[in-house]
Amino acid sequence: MYSFYVNTEAWDALPKDYQAAFEAAAAEANIDMMAEYDFKNPQALRRLVGNGVKLHAYSTQLMKAAQDAAFDLYAEESEKHPAFKKLFESWNKFRADVTLWHRFAEHTLATFQYANPPKQR
């Protein structure tokens with residue numbers, strides 16, 4: 001995803017139509033980048049595998065250790081930096097909500113699709 005950061009005072013000084021134009025351009029740039037990402041990655045994956053690359057998933061043990069280390073770091077940073085803590089708490093709540101949604105919507109569909117590829121016609 002793309003991120004754009006604008007000084008709050010500079011943003012507030014812009015006319016509302018400039019703010020709207022900036023927001024629309026930023027959204028369009030992000031959508032375009034995501035579409036390219038989704039289009040180009042399968043092609044790149046096929047090239048890698050076609051050239052002999054062996055793909056392996058990370059083990060659950062490794063992913064759990066990485067997750068635990070990340071959240072330990074977030075806790076440490078939250079203790080040291082109130083601004084980080086405020087952002088982390090907001091992000092973590094959002095993460096929990098998104099995870100709940102994905103568990104019941106996206107994960108269910110993806111699991112079905114992986115196990116039941118459509119017949120080639």
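Position 1 is the first residue of the sequence; numbering continues from there.
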Exercise for the section: Mind jotting down which residue pairs meet the ring-ring contact (aromatic ring centres under 6.0 Å, His included) criterion with at least one end in residues 96-121? Sequence neighbours excluded, please. Expected result: none
Identify each donor-acceptor pair in which a side-chain atom of residues 89-99 lies under 3.5 Å from a protein atom, sequence neighbours left out, and give them as a table.
| unit_1 | atom_1 | unit_2 | atom_2 | d |
| --- | --- | --- | --- | --- |
| Lys93 | NZ | Asp97 | OD2 | 3.1 |
| Thr99 | OG1 | Arg95 | O | 2.8 |

Problem - All side-chain contact (heavy atoms from CB on, under 4.5 Å) counterparts of Gln43, not counting sequence neighbours - result: Phe39, Arg47
Handout entry: Nearest-0.5 Å distance that lies between atom NZ in Lys85 and atom CD in Glu79
Key = 8.5 Å
Practice task
Any pair with a residue in residues 99-119 that passes salt bridge (Lys or Arg N to Asp or Glu O under 4.0 Å), sequence neighbours left out, goes on the list, sorted by first then second residue, please.
Solution key: none
Side-chain atoms of residues 59-73: list all donor-acceptor pairs with protein atoms under 3.5 Å, sequence neighbours left out, distances to 0.1 Å.
| unit_1 | atom_1 | unit_2 | atom_2 | d |
| --- | --- | --- | --- | --- |
| Ser59 | OG | Leu62 | N | 3.0 |
| Lys64 | NZ | Asp68 | OD1 | 3.0 |

Problem - Exercise: identify the closest heavy-atom pair between Asp38 and Pro42 - result: O-CD, 3.0 Å
Exercise for the section: Report yes or no: does Asn41 contribute a side-chain atom to a donor-acceptor pair with the main-chain N or O of Tyr37 at less than 3.5 Å? Expected result: yes
Problem - Leu55: hydrophobic cluster co-members (side-chain, 4.5 Å) - result: Leu45, Leu48, Val49, Val53
Handout entry: Same apolar cluster: Ile31 and Phe4, side chain cutoff 4.5 Å
Key = no
Practice task
Name all residues meeting the side chain to side chain donor-acceptor pair (under 3.5 Å) criterion together with Gln113; count only those two or more places apart in sequence or in a different chain, and write none if there are none.
Solution key: none
Problem - Pairs where residues 8-28 contributes a residue and the test side-chain hydrogen bond (donor to acceptor under 3.5 Å, both in side chains) is met, not counting sequence neighbours - result: none
